[in-house]
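Everything below concerns the one structure shown next.
All heavy atoms count here, side chains included; hydrogens, waters and symmetry mates do not. Heads up: numbering here begins at 1 and tracks the sequence.
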Amino acid sequence: MNSFDWLTHMGIPTIDKFDIVEIKFKGGRKEYYRNIDRISLTTGDPVVVDVPNGHHIGYVSLQGELVRLQMQKRKIKDDDNILRIYRVATQKDLEKWEEAKNREIPTLYRAKQIIDEMKMDMKLSDVEFQSDNSKATFYYSADDRVDFRELIKSLASEFKIRVEMRQISLRQEAGRLGGIGVCGRELCCSTWIYDFKSVNTSAARYQNLSLNPTKLSGQCGRLKCCLNYELDTYMAALSDIPEVDKPLQTEAGSAKLQKTDIFRKLMWFSYNNDNNWHSITCERVSEILELNSKGVIPYDLKTNHGKEQEDLISKSNMELDALDKKFSKNKKTKKKKKPRNQGENQVMVKDTSAPEARPAGPKPEGRRPNRQSPEKPNQNRQNPPRKNVENRPKPIENQEKAAAIPREINPDQVPKKKKNNKRRFNNRNKGEQNKGDQNSGQ
């Protein structure tokens, strides 16, 4: 059910409880009936109610003090015109009502054929049978007034039932048929709206919506009812926004209004229909309008004089210079990593002994120092010597040249060969080992 009784937890005495109950019928139609016999009812119970010339079955949708408020809202008087509730529907009543509902769809199709044969300008949308199977109500919509006297006679003779024709609007038709709106919820007209108000296109203009009929119209083909919901909020926000009927006059050119943000109080203008938009506040727009009315033309949209613009530019430049100085002082120069030569990847052996004197004579070609050329300072640059390392061999760039260089080998620098991993006896056990060999020989 789409009604919620939020007063049920309040312990209202049953004696003073409001005796009128809201009953819901097919298509969201709701009526009010008096519970004279004080029947204990719960929301959703099927009840048999009194209707003119018979009885009908509906479901309880609301009861208690909220019904009093709903009646005041709908301006329904609490008088003798309100009919009564007979009883809670029994299984027999429900079966009879089910048989009556099974006749609705075939009757609707046949009635549409009769209307087409009679060439009547009307649209039949729904048929509702009374639970006692004594009356059928035909709901239709039409643009003009329709004379359906002949239609009633033909329908009554066709279905052998009392016929009632009821004209409804397109919004009521959508509410009876039901559906899901673009918001993803069930249609408001089929759930809780009972009083349909007219919706104008001015509501869309105030909310800055595009006047596209396919987007603004609902399933009924009329403007959406939700356009009226936020209209009061937009009207209150628009009271602080000035009306701009003509372009603003400035020395930079005439500025034309392009867009307005109602809730942020910002307005966008462009010079001579340029693609660049400039946003200013509504207070600034009111100030420019006042200056233009006095015949004064400001420098641009943001400043009144050119000197103010120059001061703003110089101030911004000073701030940028201050930031540059601040970050230039704190900036640390990072040393680039020096490229390692190919010779450094070879295994180097430390020489902890005293340095040997090299023979005098011309240096071999392969041992020339790799000096940096002034044109390419970062090419073939050697790493500085490490601490506590003496007579470290220099790296060799080309392995082929290194093979041709005569070089003296220091025996201390030659790595020792690994000993055989054989088990050896201590010297003190050598006698015992020989003794065992002699005994084995004997």
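Checked by atom type and distance alone, the side chain of Asp79 pairs as donor or acceptor with a backbone atom of Asn81 at under 3.5 Å. Checked by atom type and distance alone, the side chain of Gln207 never pairs as donor or acceptor with a backbone atom of Tyr234 at under 3.5 Å. For His278 (side chain) and Phe269 (main-chain N/O), no donor-acceptor pair under 3.5 Å exists by modelled atom type. The closest donor-acceptor contact from the side chain of Arg87 to the backbone of Val48 lies at 3.5 Å or more, if one exists at all. Remark: side-chain polar atoms of Lys24 are not paired, donor with acceptor, to backbone N or O of Leu62 under 3.5 angstrom. Counting only distance, with no hydrogens or angles, the side chain of Lys26 and the backbone of Phe129 share no donor-acceptor pair below 3.5 Å. The backbone N or O of Thr303 lies less than 3.5 Å from a partner atom in the side chain of Asp300, making a donor-acceptor pair. Of the possible polar contacts, one joining the Ser61 side chain to the Glu22 backbone as a donor-acceptor pair under 3.5 Å is found.
Between Pro242 and Val285, the shortest heavy-atom distance links the atoms CG-CG1, 3.8 Å. For the residue pair Leu301 and Leu248, the shortest heavy atom distance occurs at CD2-CD1, 4.2 Å. Across all their heavy atoms, Gly54 and Asp50 have their closest contact at O-OD1, 3.5 Å. Minimum heavy-atom separation, Gly253 to Tyr271: O-CD2, 3.7 Å.
Listed by first and then second residue, the salt bridge (Lys or Arg N to Asp or Glu O under 4.0 Å) pairs involving residues 263-282 are Asp240-Lys265, Asp261-Arg264 (not counting sequence neighbours).
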Report task. Carefully, step by step, assess Asp37 and Arg84 under the rule side chain to side chain contact (heavy atoms under 4.5 Å, CB included). Result -> CA-CA 9 Å; Asp37 300 330; Arg84 56 172 294 186; 3.0 Å; yes
Query raised in the report: Yes or no on salt bridge (Lys or Arg N to Asp or Glu O under 4.0 Å) for Glu99 and Lys96, after CA distance, side-chain angles and deciding distance?
Result: CA-CA 5 Å; Glu99 292 176 1; Lys96 190 175 181 180; over 6 Å; no
Requested in this report: Dump the intermediate steps for side chain to side chain contact (heavy atoms under 4.5 Å, CB included) on Asn53 and Gln130, then the final yes or no.
Outcome: CA-CA 10 Å; Asn53 302 320; Gln130 206 165 277; 5.9 Å; no
Requested in this report: Assess whether salt bridge (Lys or Arg N to Asp or Glu O under 4.0 Å) is satisfied between Glu65 and Arg68, documenting all intermediate values.
Outcome: CA-CA 5 Å; Glu65 293 298 320; Arg68 190 198 303 272; 3.0 Å; yes
Query raised in the report: salt bridge (Lys or Arg N to Asp or Glu O under 4.0 Å) between Arg34 and Asp19: does it pass, once the steps are laid out?
Result: CA-CA 6 Å; Arg34 195 182 301 277; Asp19 61 343; 3.5 Å; yes
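Rounded to the nearest 0.5 angstrom, Ile152 CD1 and Glu150 CD are separated by 10.0 Å. With rounding to the nearest 0.5 Å, the separation of OG1 in Thr250 from CD1 in Ile297 is 8.0 Å. Within the model, atoms CH2 of Trp277 and CE of Met267 stand 12.5 Å from one another, a figure rounded to the nearest 0.5 Å. The distance from atom CD of Gln219 to atom NZ of Lys224, rounded to the nearest 0.5 Å, is 9.5 Å. With rounding to the nearest 0.5 angstrom, the CG atom of Asp78 is 3.5 Å from the CD1 atom of Ile20. Between the CG atom in Leu238 and the CD1 atom in Ile262 there is a gap of 4.5 Å [rounded to 0.5 Å].
One side chain, Ser134 or Asp132, offers a donor N or O that lies under 3.5 Å from an acceptor on the other. Side-chain contact, Ser254 with Asn272: a donor N or O sits under 3.5 Å from an acceptor N or O.
Taking the six-membered ring for Trp, Tyr86 and His55 have ring centres at least 6.0 Å apart. Ring centroid separation for the pair Tyr140 and Phe148 comes in under the 6.0 Å cut-off.
Between Phe25 and Tyr33, the two ring planes are perpendicular [angle over 60°; tilted spans 30° to 60°].
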Acceptor/donor pairs from residues 157-174 side chains to any protein atom, 3.5 angstrom cut, sequence neighbours excluded:
residue	atom	partner	partner atom	Å
Ser157	OG	Lys153	O	3.1
Ser157	OG	Ser154	O	2.9
Glu158	OE2	Arg110	NE	3.4
Glu164	OE1	Lys135	NZ	2.8
Glu164	OE2	Arg166	NH2	3.0
Gln167	NE2	Ala142	O	3.3
Ser169	OG	Gln172	N	3.4
Arg171	NH1	Leu223	O	3.0
Arg171	NH2	Leu223	O	3.2
Gln172	OE1	Ser169	N	3.2
Glu173	OE1	Ser141	OG	3.2
Glu173	OE2	Lys123	NZ	3.1

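Using a cut-off of 4.0 Å between Lys/Arg side-chain N and Asp/Glu carboxylate O, Arg284 and Glu287 are scored as salt-bridged.
In this structure, Arg29 places its CZ atom where more than 12 heavy-atom neighbours from other residues, nucleotides or ligands lie under 6.0 Å away. Counting heavy atoms of neighbouring residues, nucleotides and ligands inside a 6.0 Å radius, atom CG of Asp121 does not exceed 12 of them.
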